[in-house]
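Residues: numbered from 1 along the sequence shown.
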Amino acid sequence: MVKVLVTDHVDDYIINTLRNKGIHIDYMPGISKEDLLKVIPEYDVIIVRGRTKVTKDVIDRGTKLRVIARAGVGLDNIDVEYAKARGIEVINAPEGSTQSVAELTIGFMIMAARLIALQDRLVKGGDWPKGKYPGIELFGKTLGIIGFGRIGQRVAELAKALGMRIIAYDVVDIRNRASKLGVDVVDFETLIRNSDVISIHVSLTPSARHMIGDREFQMMKNGVIIINTSRGEVIDTRALLKALNDGKVAAAALDVLENEPPKEPWEVELVKHPRVIITPHIGAETKEAQRRIAEILVNKLLDQIAKLNQ
Ligand code: NAD
């Protein structure tokens, strides 16, 4: 009989559906690494979110392990290459949170353009800063989307409704999808030089790590707005802090950081910066996204478990 271990908090739908199908599930959200190493040899399937690190040692101890399932998108917490080399399937539900992340991105853009979080904080602190922080409209501005995959494309569709001109850059050929959405495809430097708002939606490939640093900030328009809901490592945090302090960047809205929660002194300074809006990696944290992810994952898991039972 197939045994499934769940090591992070997941939507009840996953647990209930699999149990109703008679599948043996042990739900141990928050299990320590030490305990995980002790119990993993018993299981055929492990289900995780972002907390559990499925590293080489976990995979090596999981002698029966056949499937690693990530209830979510990013696979950065799983040693995918090593798992695949051991013949273990790695599954996730990347399409489940696209709309939620795209909506957060649009919210961030409007908040940053009008410094909504800063004005809110000042009023709550007893100030009435009317006239102190004039914002900008997004209408007619150029939005540069870096990484034109699922989320990048959905952001483009939504931003069209705000009357923005949209340019996009990706490492793969995106001309087809871009022309369908009325988006101009440009090279990286053209995007960096011409955007009023830059929104990053790349997957964390080696080429994406620190792709936005001092050199890129220097090339940007004065008063640019930076939005990052992808992965923190894409931006050199120190360079962003400098660009904010120099006035090059008017505002930044970030759902992700290089270290989550922030650890280095410059990261702590960045999140406290008055022109930075920061949320604790909540892109996929909506009821709808979690349910969609759960449904997609359960379907994929049932297929895999059926194969294991054959
Ligand atoms: P996707 O795979 O559909 O799209 C990513 C795109 O980035 C691809 O088209 C790829 O070719 C492109 N890309 C990769 N490296 C690049 C580079 N160096 N330069 C330009 N383009 C590059 O992924 P998605 O579902 O759209 O997700 C986008 C990002 O959002 C990922 O990093 C994902 O982990 C992140 N994400 C965050 C949250 C959150 O909670 N904030 C939730 C879901 C996804």
Side-chain angles (χ1 to χ4, degrees), residues 98-99 101-118 133-203 207-208 210-231 234-236 239-240 242-256 273 275-277 283:
T98 303
Q99 179 66 20
V101 181
E103 287 185 16
L104 179 68
T105 304
I106 298 291
F108 269 175
M109 279 166 42
I110 297 173
M111 287 185 74
R114 305 298 292 272
L115 292 173
I116 291 175
L118 173 64
Y133 299 102
I136 59 158
E137 282 185 356
L138 296 174
F139 181 82
K141 298 294 187 306
T142 299
L143 167 63
I145 296 181
I146 305 179
F148 204 60
R150 281 174 291 259
I151 298 171
Q153 290 172 60
R154 190 66 189 128
V155 167
E157 282 176 319
L158 299 177
K160 279 262 147 183
L162 294 170
M164 301 188 85
R165 176 192 171 227
I166 301 164
I167 57 178
Y169 162 75
D170 198 298
V171 281
V172 299
D173 186 357
I174 53 168
R175 280 172 299 183
N176 246 339
R177 358 172 180 156
S179 78
K180 279 187 198 139
L181 297 173
V183 170
D184 293 328
V185 180
V186 294
D187 60 52
F188 182 58
E189 197 168 319
T190 304
L191 185 144
I192 294 292
R193 288 190 185 282
N194 291 286
S195 302
D196 300 295
V197 179
I198 295 178
S199 192
I200 308 169
H201 302 286
V202 298
S203 35
S207 65
H210 280 199
M211 70 188 295
I212 307 288
D214 282 323
R215 179 179 158 272
E216 287 70 29
F217 284 118
Q218 271 166 28
M219 287 193 287
M220 288 177 195
K221 280 186 173 182
N222 288 330
V224 65
I225 290 172
I226 304 290
I227 311 289
N228 188 15
T229 58
S230 62
R231 283 291 179 265
V234 172
I235 299 182
D236 176 345
L240 173 58
K242 183 173 175 296
L244 278 155
N245 286 335
D246 292 349
K248 169 63 94 172
V249 171
L254 313 166
D255 187 42
V256 287
H273 195 286
R275 288 173 183 270
V276 169
I277 295 157

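Side chain of Gln218 to backbone of Arg215: no donor-acceptor contact under 3.5 angstrom is found.
Remark: Ser179 pairs with no residue by the side chain to side chain contact (heavy atoms under 4.5 Å, CB included) rule, at least two apart or across chains. Evaluation of the salt bridge (charged side-chain N to carboxylate O under 4.0 Å, His left out) rule for Asp173 yields Arg175 as partners, not counting sequence neighbours. Lys242 meets the side chain to side chain contact (heavy atoms under 4.5 Å, CB included) test with Asp214, Asp246; sequence neighbours excluded.
Counting all heavy atoms, side chain and backbone alike, Ile277 lies closest to Ala117 at CG1-CB, 4.0 Å. Minimum heavy-atom separation, Met211 to Ser207: CB-O, 3.9 Å. Across all non-hydrogen atoms, the minimal contact from Ala252 to Leu244 is N-CD2, 4.3 Å. Annotation for Ala113 and Leu138: closest pair CB-CD2, 3.9 Å, computed over non-hydrogen atoms. Nearest heavy-atom pair across Ile192 and Glu216 is CG2-O, 3.4 Å. What you find for Gly213 and Ala239 is that their closest heavy atoms are C-CB, 3.8 Å.
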Indicate every side-chain donor-acceptor pair of residues 219-228 with a distance under 3.5 Å to a residue at least two apart or in another chain.
| unit_1 | atom_1 | unit_2 | atom_2 | d |
| --- | --- | --- | --- | --- |
| Lys221 | NZ | Asp196 | OD1 | 2.9 |
| Asn222 | OD1 | Lys248 | NZ | 3.1 |
| Asn228 | OD1 | Ser230 | N | 2.9 |
| Asn228 | OD1 | Ser230 | OG | 2.7 |
| Asn228 | ND2 | Arg231 | O | 3.2 |

Would you mind writing out the side-chain donor-acceptor pairs for residues 140-156 within the sub-3.5 Å range, not counting sequence neighbours?
| unit_1 | atom_1 | unit_2 | atom_2 | d |
| --- | --- | --- | --- | --- |
| Lys141 | NZ | Glu137 | O | 3.0 |
| Gln153 | NE2 | Phe148 | O | 3.2 |
| Gln153 | NE2 | Gly149 | O | 3.1 |
| Arg154 | NE | Gln99 | OE1 | 2.5 |
| Arg154 | NH1 | Glu157 | OE1 | 2.7 |
| Arg154 | NH2 | Gln99 | OE1 | 3.3 |

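Residues Phe217 and Ile235 have side chains in contact (heavy-atom distance under 4.5 Å, counting atoms from C-beta outward). Looking at heavy atoms from C-beta onward, Val183 lies out of side-chain contact with Ile174 at the 4.5 angstrom threshold. Ile167 places none of its side-chain heavy atoms less than 4.5 Å from the side chain of Thr190.
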- Message: The test is side chain to side chain contact (heavy atoms under 4.5 Å, CB included); show your working for Ile106 and Leu162 and say whether it passes.
- Response: CA-CA 10 Å; Ile106 298 291; Leu162 294 170; 4.2 Å; yes
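To the nearest 0.5 Å, the span separating CD1 on Ile166 from NZ on Lys160 amounts to 5.0 Å. Rounding to the nearest 0.5 Å places CG of Asp187 at 10.0 Å from CZ of Arg193.
Summarising the local packing, CZ of Arg177 is surrounded by more than 12 heavy atoms from other residues, nucleotides or ligands at distances under 6.0 Å.
Under the ring-ring contact (aromatic ring centres under 6.0 Å, His included) criterion, the residue pairs touching residues 162-184 are Tyr169-Phe188, with sequence neighbours excluded.
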